[in-house]
Amino acid sequence: MKNKKLIAGLVAAGLLAVSVAAFFGLKGGKEGGLLEEDAFRAVADIENEEFHYFDSEAVALSESSENDAGLRAVAMEASNLVNDERAAAGLDPLDWDINLETVSHVRAKECSQKFSHTRPSGKQWYTVNSKIQGGENLAFGFDTAEDAVEAWMNSPTHRDNILFDEFEKVAISIYQDDDGVCYWAQEYGY
């Protein structure tokens, strides 16, 4: 009798965890997760924007912080894998963009505080620099470029950004928190 109650309790806890994850739009595997929300802006939206959002404070903090060379190498590897996926789909490769790298560094660090396309300040994801941010893919908990890109490619919204034929630029940053969890931000531009 006790075993049946214990099993029923564990099943209920598991269902609750799945329900919470579904509510928040998280899609996770054994190693990490993704945010299943669309983070895309058409080039016309950027060109017709009445106000240019630029978070100079976040950018300054990003530029003054230490970037781990090892994590940057993994991010560059992920970029190469993304370009492999684009080539397999008959698309041009994305060029690495240093300005988007600054933005992606800001967003990766912010995601360690709040894993969302809404920034910790409550503003939208593209308000680090709204003139250059056309799309965003996020992930957490993945330790290798292969795992992160595979997860993005297995997600329709993330795959759509990777294979969007009008994007020309990309940058990926990885921020590792004190617990060793990696937060990934992939930023796209036109």
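Sequential numbering from 1 along the given sequence is applied to the chain's residues.
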Donor-acceptor contact present, side-chain [X] to main-chain [Y], <3.5 Å:
X      : Y      : answer
Trp152 : Leu138 : yes
Asp179 : Val181 : no
Ser112 : Lys109 : yes

Problem - Any pair counted as side chain to side chain donor-acceptor pair (under 3.5 Å), so long as it reaches residues 159-171, sequence neighbours left out - result: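 Pairs touching residues 159-171 that pass the test: Asn137-Asn161.
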Practice task
Tell me, yes or no, whether the heavy-atom count around Lys131 atom NZ, taken from other residues, nucleotides or ligands under 6.0 Å, exceeds 12.
Solution key: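 Yes, the 6.0 Å shell around NZ holds more than 12 heavy atoms from other groups.
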Atom of [X], atom of [Y] and distance for their closest heavy-atom approach:
X      : Y      : result
Leu100 : Ala171 : C-CB, 3.4 Å
Ser173 : Ala108 : O-CB, 3.7 Å
Leu163 : Ala89  : CD2-CB, 4.0 Å
Gln133 : Asn129 : OE1-N, 2.9 Å
Arg119 : Glu110 : NH2-OE2, 2.7 Å
Asp143 : Cys182 : OD1-SG, 4.0 Å

For the atom pair [atom1] ([X]) and [atom2] ([Y]), what is the distance rounded to the nearest 0.5 Å?
X      : Y      : atom1 : atom2 : value
Leu91  : Ile162 : CG    : CD1   : 11.5 Å
Glu187 : Asp97  : CD    : CG    : 11.0 Å
Met153 : His158 : CE    : NE2   : 12.0 Å
Ser79  : Asp95  : OG    : CG    : 9.0 Å
Phe115 : Tyr183 : CZ    : OH    : 8.0 Å

Problem - Partner residues of Ala73 under the side chain to side chain contact (heavy atoms under 4.5 Å, CB included) criterion, sequence neighbours left out - result: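 With sequence neighbours excluded, Ala73 shows a side chain to side chain contact (heavy atoms under 4.5 Å, CB included) to no residue whatsoever.
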Problem - Side-chain H-bond candidate by donor/acceptor type, Glu101 with Trp96, under 3.5 Å - result: yes
Problem - salt bridge (Lys or Arg N to Asp or Glu O under 4.0 Å) against Arg86, all qualifying residues, sequence neighbours excluded - result: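 Arg86 satisfies salt bridge (Lys or Arg N to Asp or Glu O under 4.0 Å) with no other residue.
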Problem - Any Trp184 side-chain heavy atom under 4.5 Å of Val74 side chain - result: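 Yes, at least one pair of side-chain atoms sits under 4.5 Å.
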Problem - Heavy-atom side-chain contact between Leu94 and Asn83 under 4.5 Å - result: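 Yes, their side chains come closer than 4.5 Å.
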Exercise for the section: Specify whether Phe167 and Tyr190 have parallel, tilted or perpendicular ring planes, treating 30° as the upper limit for parallel and 60° as the lower limit for perpendicular. Expected result: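 Taking Tyr190 first and then Phe167, their aromatic rings sit tilted (interplane angle of 30° to 60°).
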Exercise for the section: Following the transitive rule for hydrophobic clusters with a side-chain heavy-atom cut-off under 4.5 Å over Ile, Leu, Val, Met, Phe, Trp and Tyr, establish whether Met76 and Tyr175 coincide in one cluster. Expected result: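 Different clusters: Met76 never reaches Tyr175 through Ile, Leu, Val, Met, Phe, Trp or Tyr contacts under 4.5 Å.
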